[in-house]
Amino acid sequence: MKKSSLIFSFLSFLISTPLSFAQTNSGITELVNELKKQDQRIRYLEKEIIELKGHSHQKQKIRNNYNDHSILDIPYYKNNNVSSIKISRREINKKYISFPLAASPPGTFESVSNMPSNSGPILGVSSQIPNRTTEFDGLILKWGKGLPSFSTPDGNYSFRVRGRVLADYGSSFSSRFPQQNISRTILRAARLGVQGRARNLSWVLEGDFSSNTLQLMSAFATWTDKTAGLLSEYTIGNKFSERGFDGSTGSSDTVFLNRDIVANLLVPMMGWYGLGGAYKIYGKNWHIATQISGDQVNSTNNTNNVRDDLTYLLRAHYILFKDKVSLIHLGFWGFYEDSKPTQNYTQNVNLLNYTDNAFNFQVGPTAPLSHSLSGGVELFGIWKSFWGLFEFGVRKLSLRRTYSSYPNYALWAGKSGSEEALSVQGGVFLTGETPNYFAHSGVWAAPRVLHPVTQGGVGAWEVSLRYDRASVSRSLGSSNASTVTLGVNWYFLNYARFMFNFTHANVLNTDGLYIGYNSGNTLGGRMSITF
């Protein structure tokens, strides 16, 4: 920095002396502007080198200037060749990174490789997740998930393509109903979109091409600001809602092929997405998310001139404890929904894989729903490479008195019922990675693989186990179900993995096509790429 400053000062002095140059005034101005650009580029690169030197010695902790409330200090890369770095006009800093990487403390940005798949770029947060970068004539290219994101050196403007491809295979067997013993492949997700940011304003637009239909998924704009000195977001559009730990995680980031039973059973009538407004605020070790939504943008309500279901959602998490090897997360969530006059309620919850939609937990007869109230608790912990998650939730449903045109209305008019769901799960990274917990919003994200296959490593291997249980009562029937799932995940890159699940399920249905007690098994696999 001293060298560049002296050069710049000396040249400025020469320029100020009329006898030193014979150029015209316009030529001098162009020269000064070019020198300023070069000086700015050198400042940026020297700052990056200073930070990396601090990382390599494990001494310097760097906090983001804009978002100093964050709980997350950026850890270090292992690097033994900092002294060989040379500044050039076009600098590629992939040479700064040597593999294998060092495992990072839980709850740090270094333990994940990108933002959660259902979120947008957050000013002052997304830039703290370390990625390889290329500087080209003042434009910064960040390489995090296979495709580059384009940003200015100050990070105020950025743009990238985003998407996911999830291809599933499943083979079910042992059910007493032959129609449930099937083997098939499905495209769980084929999503493509774009995201960008212009200073405080960010946006996301993406569509999904799976299931032989094109659906609009995320389509929202977010304004990032500060409330009482804390980072806050104001969002309008079609957005994924927050409900519990697994329920707030994108399909490409979950540990198992299916989300847990708490997320899949306790779903408002609007579904996973809603068109409306949301507000989030982030503290040092907590966040609160609120949302008011109507039906999602793909709802048939758009063509039949009937009002939306209105849903009010709230979720909050707080990190009770964290140190260099462990972390404890506590969260609460809830929603209240006011259903439209013609809303009918029934649920078929998939118990095996998405490849077998016949083996279901059938909840109650189809009935006119008036409103429902749901809430739950989540407890999550990390110790070194181990993680554990407990979730529990309940939902009370009240049926409508005034909707009399539905068959057998008198059997349940004005009655109520309840649902309960519980999930206990845990896992470990056998290759030493820190569990991929994104502490900023309390959900799963993509892990940071210590030994990627492209660097001659074995990738990241994770083994996990989950137990789910659910039941319904009163006017909804007396059905119950339980599942046990064993999972193995192989992340050969940060953004690509193979998933293998074995699930055993027991179910007692009192309504639907397959009444009575039943059990079944499935072997499932997935190839997942997120970019």
Side-chain angles (χ1 to χ4, degrees), residues 113 117 145-146 163-175 178-192 208-212 246 249-261 263-264 349-361 387 389 423 425-431 433 435-436 444-447 449 451-454 457-468 481-507 519-531:
S113 60
S117 59
K145 284 196 170 185
R164 68 189 76 165
V165 178
L166 311 180
D168 287 12
Y169 169 77
S171 178
S172 301
F173 54 95
S174 299
S175 171
Q179 300 91 330
Q180 296 179 336
N181 297 321
I182 61 173
S183 298
R184 62 190 288 226
T185 58
I186 65 168
L187 199 58
R188 173 71 176 86
R191 196 168 299 183
L192 184 65
D208 192 272
F209 301 88
S210 59
S211 303
N212 297 319
D246 249 21
T249 299
S251 59
S252 58
D253 293 331
T254 56
V255 175
F256 298 91
L257 297 179
N258 287 3
R259 296 182 180 91
D260 63 29
I261 196 71
N264 283 314
V349 181
N350 188 285
L351 294 177
L352 299 179
N353 291 341
Y354 286 100
T355 54
D356 190 347
N357 52 15
F359 197 107
N360 289 328
F361 177 40
W387 62 268
L389 172 63
S423 177
Q425 53 187 297
V428 58
F429 278 92
L430 302 178
T431 44
E433 280 76 10
N436 42 309
W444 291 119
V449 178
H451 310 78
V453 171
T454 53
V458 297
W461 287 84
E462 180 183 24
V463 177
S464 54
L465 183 66
R466 184 176 75 194
Y467 170 75
D468 288 338
S482 64
T483 66
V484 177
T485 303
L486 174 66
V488 177
N489 297 325
W490 177 40
Y491 299 85
F492 52 97
L493 297 171
N494 290 337
Y495 50 88
R497 62 175 169 169
F498 286 105
M499 305 176 67
F500 306 95
N501 281 186
F502 171 78
T503 300
H504 173 75
N506 297 300
V507 62
S519 65
N521 304 283
T522 187
L523 286 170
R526 172 179 295 168
M527 169 60 185
S528 171
I529 299 176
T530 306
F531 54 87

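Nothing here was measured: the structure is a model prediction, and the numbers come from that model. Throughout, residue positions are numbered sequentially from 1 according to the sequence presented.
- Looking at Leu430 and Glu462, their side chains never come closer than 4.5 Å, going by heavy atoms from C-beta outward.
- In this structure the side chain of Ser482 reaches within 4.5 angstrom of the side chain of Tyr467, judged on heavy atoms.
- Checked against ring pair (Phe, Tyr, Trp, His ring centres under 6.0 Å), Phe531 has no partners two or more places apart in sequence or in another chain.
- Between the side chains of Ser252 and Arg191, no donor-acceptor pair of N or O atoms lies under 3.5 Å.
- Taking both residues in full, the closest heavy atoms of Ala481 and Val507 are given as CB-CG2, 4.0 Å, listed atom of the first, atom of the second, then distance.
- A distance of 6.5 Å separates CZ of Arg466 from CG of Asn258, quoted to the nearest 0.5 Å.
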*Trace of the side-chain contact (heavy atoms from CB on, under 4.5 Å) decision for Thr355 with Ile182*: CA-CA 8 Å; Thr355 54; Ile182 61 173; over 6 Å; no
Is there a side-chain contact (heavy atoms from CB on, under 4.5 Å) between Trp387 and Trp444? Walk through the geometry before answering.
CA-CA 12 Å; Trp387 62 268; Trp444 291 119; 3.7 Å; yes
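- The two residues Gly487 and Phe256 come nearest to each other via the heavy atoms N-CE2, 4.0 Å.
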Can you list the steps and then say if Met499 with Trp490 is a side-chain contact (heavy atoms from CB on, under 4.5 Å)?
CA-CA 6 Å; Met499 305 176 67; Trp490 177 40; over 6 Å; no
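- Residues Thr249 and Val255 have side chains not in contact (no heavy-atom distance under 4.5 Å, counting atoms from C-beta outward).
- From Ser464, atom OG reaches atom CG of Leu486 across 7.0 Å, with rounding to the nearest 0.5 Å.
- Looking only at distances, no side-chain donor or acceptor of Thr522 sits under 3.5 Å from a matching main-chain atom of Gly524.
- In this structure, Asn350 contributes its side chain and Asp356 its backbone to a donor-acceptor pair below 3.5 Å.
- The line from CG of Asn494 to CD of Glu433 is 9.0 Å long, rounded to the nearest 0.5 Å.
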Discussion item. For Asp208 and Ser210: C-alpha separation, side-chain torsions, deciding distance, then whether side chain to side chain donor-acceptor pair (under 3.5 Å) applies.
Written reply: CA-CA 6 Å; Asp208 192 272; Ser210 59; 2.3 Å; yes
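- Of all heavy-atom pairs spanning Arg497 and Asn489, the tightest one is NH1-ND2, 4.0 Å.
- Looking at Val449 and Leu493, their side chains never come closer than 4.5 Å, going by heavy atoms from C-beta outward.
- The side-chain heavy atoms of Asn353 and Arg184, taken from C-beta on, include no pair separated by under 4.5 Å.
- Taken to the nearest 0.5 Å, the OG atom of Ser528 stands 8.0 Å off from the CG atom of Asp253.
- Within the 4.5 Å cutoff, the side chain of Arg188 has heavy atoms near those of the Ser251 side chain.
- Contact record, Asp260 with Ser423: CB-OG, 3.3 Å, taken as the closest heavy-atom pair.
- The two residues Ile529 and Ala496 come nearest to each other via the heavy atoms CG1-CB, 4.3 Å.
- Distance CZ/Phe502 to CG/Leu257: 13.0 Å, rounded to 0.5 Å.
- In this structure, a donor-acceptor pair under 3.5 Å is absent between the side chains of Asn181 and Ser172.
- For the pair Asp168 and Arg526, the salt-bridge criterion is met [side-chain N within less than 4.0 Å of a carboxylate O].
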For Thr483 and Thr503, run side chain to side chain donor-acceptor pair (under 3.5 Å): C-alpha distance rounded to whole Å, both residues' side-chain angles, the deciding distance at 0.1 Å, then the answer. CA-CA 7 Å; Thr483 66; Thr503 300; over 6 Å; no
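- Taking 4.5 Å as the limit, every side-chain heavy atom of Val458 sits out of range of all side-chain heavy atoms of Val453.
- In terms of modelled atom types and a separation under 3.5 Å, the side chain of Asn360 and the main chain of Asn357 share a donor-acceptor contact.
- One distance of note links NE2 of His504 with CG of Asn506; it measures 4.0 Å at 0.5 Å rounding.
- You'll find the side chain of Tyr491 reaches within 4.5 Å of the side chain of Phe429, heavy atoms only.
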